[in-house]
Peer 1: 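After the structure tokens below, expect a handful of questions from me.
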Amino acid sequence: MKKQLLGFLACIGAFALNAQQTPTWSADIACIVYSHCTSCHNPNGIGPFSLNSYDDAYGYRYALQGATTSRYMPPWPPDPSFNSLAHERLLSDDEIALIDAWVNGGAPRGNASEEPDPPQINSPAEISSPTWTGAIPAYTVPAISNDLYRCFVIPTNFTTDKFITGFEVLPGNREIVHHVLVFQDTTNQALILDANDPGPGYSSFGGVGIQDAKLLGGWVPGASAKFTPNNMGIKLPKNAKIILQIHYPQGSTGQVDSTRLNLLLSNGPMRNLSIEAALNHITSLTNGPLYIPANTTKTFHSQYTIPVGVTVLGIGPHAHLICESMRSFAVLPNGDTLNLINIPHWDFHWQGFYDFRQPLFLPAGTVLHGYATYNNTASNPNNPNSPPQAVFLGEATTDEMMLCYFTYTFHFPSDENIVIDDSDHPDHYLDCTTSTVITSNEEAIELQAIRMYPNPASDELTIEYDGAGQAIFELYDMLGRPVASVKVSDNQQSINTAQLTKGMYYAAIKTNGRLVQVGKVVIQE
Ligand code: HEC
């Protein structure tokens, strides 16, 4: 990440575009190409040709011009005008204009002695001293005529729960590893699936074939290591198995891969970051079921009301092949709309997990919305069926899904001040100032539904709750760990708090297993 930032800063000098002068490779273009293109366009990269020298770039100058002025390259599926996300792989208007003027001016080299060095391709791991590292066995891709999605299981054998604070996928063979999804499995199912499939790993397309497997993150070409903010981590239960699902595209036959995962782990305690598909094809479709008849185009809507104030750090939309577009936004309790992500041209091969530039505060009552359009006609070049066939919900290549994962944690005051990416991108406009206004709003909603007294409390806390039905009252400490749980009868219940460590706690009311409200309570001497 630091390296990218340096590259970016180093390019700023080139922005003083003098209209009279033709830009040169040495002074203007090399820096742009080396910082935005060469990570994929190198001899071992996923890009179809190398952009690692003046000669390379000169040879492809018209392609370069076309791909950048059309904004086809670098690949960045989210629409930056909908929401500007962290670490956007985008060229600025100035950079595109420079490339355009350079090609139109004959693509001169300029003074070669001023040229920056091409980037080091086999860049070392960003996590150089991982707490845990695991690699798949050397795997030779068998004879395939189609894309292969292979899942590899790596046991962790930890005897205590851990928290992931750093995450880095190192593809073993960059020519054939197209993307990687990383899951955790706390059952034995992954090992069973592995045992039932000859050779290392097992094949599975959409998910990893295990209902309860949890997504931990992913990798697409050009992605760098991810680190969680201070004191937050993704829980990795003891004995969890790590599953790497690797996509090897057509043409990988006979090649060998040994992809590795590096993790930074903490024993905690720390705030737990959860990754959940809050918007999904099972519980949140308003016009489901997810079924797209042959020769039709259909848009589905999903919706979910957030029961408790959360801090959201990232978002990961997921669908399969015939999906054409996907977008998500949030409507806050005060009526404001917060754009989250828009993928106008969905491409299964470029699905990423995206971070927001700063965490978002979504108060209780915020409604998440998702829209996805599926084109199941012959006009869709990605349609796996010719002629088109009815498509249902499922994990196979020919099935579809509609998920939107969110990385979140219970909201703490000022979480939204954390900075994930503050690079001065020209399109950077994400406005987090609304969050401060909403804070007071949230308190008002909470206080209506739960009354806790006295607050601060010392030996005993009484809870009154207005809602209907049997409710469970739970207390969590500031790290999100449950410390007490009681049934609330007759909408009122007292609990003994004498044994609790003094400090602030979150109080939650659940009915029918759903979290309906939270508040804060202080336990003192
Ligand atoms: C994240 C990886 C990645 C980055 C970064 C990237 N490319 Fe590409 N590029 C690809 C891949 C993969 C293809 C081939 C598949 C495709 O066309 O989508 C490609 C194709 C191309 C093509 C051929 C397009 C065509 O019409 O077929 C050009 C030209 C190109 N890239 C130029 C660039 C330039 C210039 C940059 C930097 C400004 C860049 N790329 C950055 C991955 C990348």
Side-chain angles (χ1 to χ4, degrees), residues 1 3-5 7-8 10-11 14-15 23 25 28-78 80 85-104 107 116 118-123 147 168-171 173-180 218-226 246-252 321 343-354 381-382 423 425-427:
M1 229 174 45
K3 216 175 56 201
Q4 265 177 351
L5 192 65
F8 179 81
C11 291
F15 285 177
W25 170 259
D28 311 287
I29 308 301
C31 183
I32 299 174
V33 169
Y34 290 166
S35 57
H36 294 285
C37 318
T38 311
S39 60
C40 297
H41 289 272
N42 66 67
N44 301 314
I46 190 168
F49 49 84
S50 183
L51 287 174
N52 208 19
S53 68
Y54 172 69
D55 291 341
D56 287 345
Y58 185 83
Y60 287 102
R61 63 192 180 282
Y62 297 114
L64 241 79
Q65 185 181 33
T68 52
T69 49
S70 64
R71 295 183 187 271
Y72 179 59
M73 286 285 144
W76 183 254
L85 299 158
H87 312 302
E88 283 177 328
R89 222 170 22 225
L90 291 173
L91 296 180
S92 68
D93 292 344
D94 288 342
E95 290 169 314
I96 294 172
L98 275 170
I99 295 176
D100 196 37
W102 175 65
V103 176
N104 289 339
Q120 211 188 326
I121 307 285
N122 287 319
S123 52
D147 296 71
E168 179 174 38
V169 173
L170 296 170
N173 184 339
R174 285 177 182 267
E175 263 176 86
I176 59 165
V177 175
H178 204 306
H179 80 254
V180 182
W219 177 89
V220 288
S224 42
K226 288 205 171 184
I246 306 183
H247 168 204
Y248 300 111
Q250 224 174 327
S252 308
L321 297 169
I343 312 267
H345 305 287
W346 175 259
D347 182 342
F348 180 75
H349 300 135
W350 285 108
Q351 54 181 316
F353 211 104
Y354 303 93
N382 299 319
S423 64
H425 192 273
D427 290 325

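For ligands, and for the atoms within them, numbers begin at 1 and follow the listed sequence.
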Peer 1: What I'd like to find out is whether the side chain of Trp76 reaches to under 4.5 Å of the side chain of Leu85, using heavy atoms alone.
Peer 2: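 Side chain of Trp76 against side chain of Leu85, heavy atoms only: contact under 4.5 Å found.
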Peer 1: Give the single entry among Pro48, Ser35, Ala63, Cys40 that approaches atom 11 (C) of ligand 1 most closely by any heavy atom.
Peer 2: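 Heavy atom nearest to atom 11 (C) of ligand 1 belongs to Pro48.
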Peer 1: Could you tell me if the side chain of Ile99 sits less than 4.5 Å from the side chain of Leu91, heavy atoms only?
Peer 2: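 Leu91 vs Ile99: side chains touch.
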Peer 1: I'd like to know whether Tyr60 forms a side chain to side chain contact (heavy atoms under 4.5 Å, CB included) with His41, so could you lay out the CA-CA distance, the side-chain angles of the two residues, the decisive distance to 0.1 Å, and finally the verdict.
Peer 2: CA-CA 12 Å; Tyr60 287 102; His41 289 272; over 6 Å; no
Peer 1: Quick one: nearest non-hydrogen protein atom to atom 19 (C) of ligand 1, plus distance?
Peer 2: Met73 CE, 3.1 Å
Peer 1: How far is atom 21 (C) of ligand 1 from its nearest protein heavy atom, and which residue and atom name does that atom have?
Peer 2: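 Going atom by atom, the protein heavy atom closest to atom 21 (C) of ligand 1 ends up being His41 CE1, 3.5 Å.
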Peer 1: Look at atom 5 (C) of ligand 1 and say which protein heavy atom is nearest, naming residue and atom and giving the distance to 0.1 Å.
Peer 2: His36 O, 3.3 Å
Peer 1: Does any N or O in the side chain of Thr38 come within less than 3.5 Å of the main-chain N or O of Val33, such that one atom is a donor and the other an acceptor?
Peer 2: yes
Peer 1: Between Phe348, Trp350, Phe353, which is the residue that forms a ring pair (Phe, Tyr, Trp, His ring centres under 6.0 Å) with His179?
Peer 2: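 Only one of Phe348, Trp350, Phe353 forms a ring pair (Phe, Tyr, Trp, His ring centres under 6.0 Å) with His179, namely Phe348.
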Peer 1: My understanding is that we take every heavy atom of each candidate and find the minimum distance to atom 38 (C) of ligand 1. Doing that for Ser70, Gly352, Gly66, Cys37, which one comes out nearest?
Peer 2: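 Looking at heavy atoms only, Cys37 sits closest to atom 38 (C) of ligand 1.
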Peer 1: Is atom 8 (Fe) of ligand 1 near the protein, in the sense that some protein heavy atom lies at less than 4.0 Å from it?
Peer 2: yes
Peer 1: Could you tell me whether some N/O pair between Trp350 and ligand 1 is separated by less than 3.5 angstrom?
Peer 2: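 Not met; the criterion fails.
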Peer 1: May I ask you to check if any N/O/S atom from Tyr72 comes under 2.8 Å of atom 8 (Fe) of ligand 1?
Peer 2: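 For Tyr72, the answer is no, given that no N, O or S atom comes within less than 2.8 Å of atom 8 (Fe) of ligand 1.
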Peer 1: For Tyr248 and Val177: C-alpha separation, side-chain torsions, deciding distance, then whether side chain to side chain contact (heavy atoms under 4.5 Å, CB included) applies.
Peer 2: CA-CA 5 Å; Tyr248 300 111; Val177 175; 4.0 Å; yes
Peer 1: When you look at Ile343 and Tyr354, which way does the side chain to side chain contact (heavy atoms under 4.5 Å, CB included) test go after all the steps?
Peer 2: CA-CA 12 Å; Ile343 312 267; Tyr354 303 93; 4.3 Å; yes
Peer 1: Should you measure from each heavy atom of Ala67, which atoms of ligand 1 turn up under 4.0 Å away?
Peer 2: 28 (C), 29 (C)
Peer 1: Do Gln65 and Asn104 have side chains that get closer than 4.5 Å, going by heavy atoms?
Peer 2: yes
Peer 1: With backbone taken as N, CA, C and O and side chain as the heavy atoms from C-beta onward, which portion of Ile99 lies under 4.0 Å from ligand 1: side chain, backbone, both, or neither?
Peer 2: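 The answer is neither.
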Peer 1: Report the part of Phe49 in contact with ligand 1, treating N, CA, C, O as backbone and CB onward as side chain, heavy atoms under 4.0 Å; options are side chain, backbone, both, neither.
Peer 2: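 Side chain only.
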Peer 1: List ligand 1 atoms under 4.0 Å from Pro74, heavy atoms only on the residue side.
Peer 2: 5 (C), 38 (C), 41 (C)
